[in-house]
Amino acid sequence: MKLLSLLLFFFFMVQMTKAQSEPEYNYDESKVPEFKVPDPLLTFNGDIITSSEDWLEKRRSGLYTLFEENVYGEVPGEIDDLAFEVIEQGEDAINGKAIRKQVKATISKNNRSISFTVLIYLPKEKSKTPIFLSHNFLGNHTVNEDPNIIMTDAWVMNSDKLGITDNRPKESSRGARSHRWAIEKIIDGGFGLATIYYGEVDPDKNDFSDGLHSLFYEDGQKNPKPEEWGSIAAWSFALSKTLDYFETDIDIDETKVIAFGHSRLGKTSLWAGASDQRFAGVISNDSGCGGAALSKRKFGETVARINTSFPHWFCDNFNAYNDNEETLPVDQHQLLALIAPRPLYVASAQEDEWADPRGEFLSAYYATPVYNLFGKEGIPSNIMPEVNQPIQNTVAYHIRTGKHDVTDYDWGQYIKWAKKFVE
Ligand code: GCU
């Protein structure tokens, strides 16, 4: 009896130690499962696409539909109205180098509406400016110290760092995120920057009673249907509608708009670029799982984990692939391929293992054959570049030193690349 309890105790201890030493998420390259990378050029009928015309005619839209139905969700119909109003303008912003505009965009449907404010900086001495367009995480007022930036009155995420505990924005958080927005560098580079607080489009919480989704509901409906859009698709939709505004503003070159985004907002810029081909270029900064990173590698964040932590980001159908990535009919390199032939920049950070830098890189590599069909250069080899050694072709990639963030280094590369491939 004694021996049995001893044995049992021993067995229990071994199991405990195993559980503690086995991390819940894989960060070990040797444990990445073998998987088949779905060939972007192979059609559902088993034909191989060999020309850009065939890609556009026979492959692209079917692939897009797979992402819509299984990952991000469909937009359920047309809006009734879209209105813009310039609500503030300043001629002397960013050390006297820029003009500022704040534009209220209002989307209406079914006698309901939402509004969001687009904050725009443009270089003073330029007309028809190419522009980076991006959502921000904590409110337009956090991207720069400029006291004229209108503070949002929408729900904001609580933040210990910013002392936000009641989901209300704080005056003291003005400029709190300015390190992520190299506005002066952007202006000096001859570009504009437009940014929107994403919480004004759809608050980032698992609650579909508010935000853009709620305008589209039929009587009694409380949630999008399983194949209908999650928050990422709603945020992307707002980027597209902002492009509609750019088409009306003579100071902006609407043919040179680059969708940019960091992290969940990088997932958003990618989906915006795939959904709206008016975007002239796309930048994904550390977008990770559900962004640029290949899902089937299951490295760092997984599909099950993202759908559990953030059940509102994707369509409900995406849950079918929790711990079941093998059966996903697509992988994220095909999302990148949907952006072809337009310039695309994928960037990673060395310490951002959660986002799987290698998976982000390989995704850009596996999207390259589609760019090649258009005579565009992508990522020529599956060997990752050294840190801080960007590859800048129509498809560009860098991995920089440091953490999950947007840095001046990142912006320096984006501006250089955009000057060559978009401007
Ligand atoms: C979490 C999430 C990521 C996301 C990131 C962010 O870490 O797991 O998928 O990219 O938040 O948006 O900051």
Side-chain angles (χ1 to χ4, degrees), residues 23-27 67 71-73 134-139 142-143 155-162 164 176-177 179-181 195-199 201-206 211 230-236 238-239 259-273 282-315 318-319 321-323 325 328 331-332 335-336 345-361 363-364 399-400 402-407 410:
E24 207 185 336
Y25 297 100
N26 179 38
Y27 292 109
F67 277 100
V71 186
Y72 302 98
S134 175
H135 283 295
N136 64 72
F137 277 83
L138 292 167
T142 64
V143 310
W155 179 97
V156 291
M157 189 111 42
N158 285 337
S159 155
D160 291 344
K161 240 188 188 162
L162 303 186
I164 299 174
R177 278 290 168 84
H179 76 277
R180 282 192 177 171
W181 302 90
T195 185
I196 301 159
Y197 170 49
Y198 77 143
V201 177
D202 183 34
D204 192 357
K205 51 188 161 118
N206 186 21
S231 295
I232 290 175
W235 299 324
S236 304
L239 294 181
F260 163 81
H262 170 59
S263 211
R264 70 199 66 182
L265 299 177
K267 310 182 207 297
T268 303
S269 62
L270 288 169
W271 184 238
V282 178
I283 302 172
S284 145
N285 191 92
D286 306 355
S287 63
C289 179
L294 293 171
S295 303
K296 292 177 196 275
R297 277 171 51 80
K298 304 188 201 175
F299 188 104
E301 188 170 28
T302 60
V303 171
R305 165 68 195 248
I306 206 166
N307 280 332
T308 309
S309 314
F310 306 101
H312 55 296
W313 282 2
F314 301 90
C315 67
F318 196 38
N319 285 307
Y321 307 101
N322 292 348
D323 297 317
E325 287 87 345
L328 247 177
D331 211 335
Q332 299 303 109
L335 171 70
L336 305 188
Y345 203 130
V346 175
S348 312
Q350 194 178 23
E351 291 170 42
D352 188 18
E353 294 279 275
W354 185 236
D356 185 12
R358 186 166 170 75
E360 295 179 315
F361 167 76
S363 206
I399 175 164
R400 63 155 170 78
K403 292 192 169 55
H404 186 72
D405 204 352
V406 193
T407 66
D410 293 319

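Note that ligands are numbered from 1 as they come in the structure, with each ligand's atoms numbered from 1 the same way.
- Relative to the ring axis of Phe299, Arg358 does not place its NZ or CZ within 45° and under 6.0 Å from the centre.
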Are there any N/O pairs under 3.5 Å between ligand 1 and the protein, and if so, what are their distances?
| residue | atom | partner | partner atom | Å |
| --- | --- | --- | --- | --- |
| ligand 1 | 7 (O) | Trp354 | NE1 | 3.3 |
| ligand 1 | 8 (O) | Glu301 | OE1 | 3.1 |
| ligand 1 | 8 (O) | Glu301 | OE2 | 2.6 |
| ligand 1 | 8 (O) | Trp354 | NE1 | 2.9 |
| ligand 1 | 9 (O) | Lys267 | NZ | 2.9 |
| ligand 1 | 9 (O) | Glu301 | OE1 | 2.6 |
| ligand 1 | 9 (O) | Glu301 | OE2 | 3.4 |
| ligand 1 | 10 (O) | Ser263 | OG | 2.7 |
| ligand 1 | 10 (O) | Arg264 | N | 3.4 |
| ligand 1 | 10 (O) | Lys267 | NZ | 3.1 |
| ligand 1 | 11 (O) | Arg264 | NH2 | 3.0 |
| ligand 1 | 12 (O) | Ser263 | OG | 2.8 |
| ligand 1 | 12 (O) | Arg264 | N | 2.9 |
| ligand 1 | 12 (O) | Arg264 | NE | 2.5 |
| ligand 1 | 12 (O) | Arg264 | NH2 | 3.3 |
| ligand 1 | 13 (O) | Ser263 | OG | 2.8 |

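- Side chain of Ser287 to backbone of Gly266: no donor-acceptor contact under 3.5 angstrom is found.
- In this structure, Tyr25 has its ring center closer than 6.0 angstrom to the ring center of Trp354.
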Decide yes or no on side chain to side chain contact (heavy atoms under 4.5 Å, CB included) for Leu239 and His135, but give the supporting numbers first. CA-CA 8 Å; Leu239 294 181; His135 283 295; 3.6 Å; yes
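- Contact between Val346 and Ala292 at its shortest, heavy atoms only, is CG1-CB, 3.8 Å.
- Of the candidates Leu162, Asn136, Leu138, Val143, Leu138 is the only one forming a side chain to side chain contact (heavy atoms under 4.5 Å, CB included) with Arg177.
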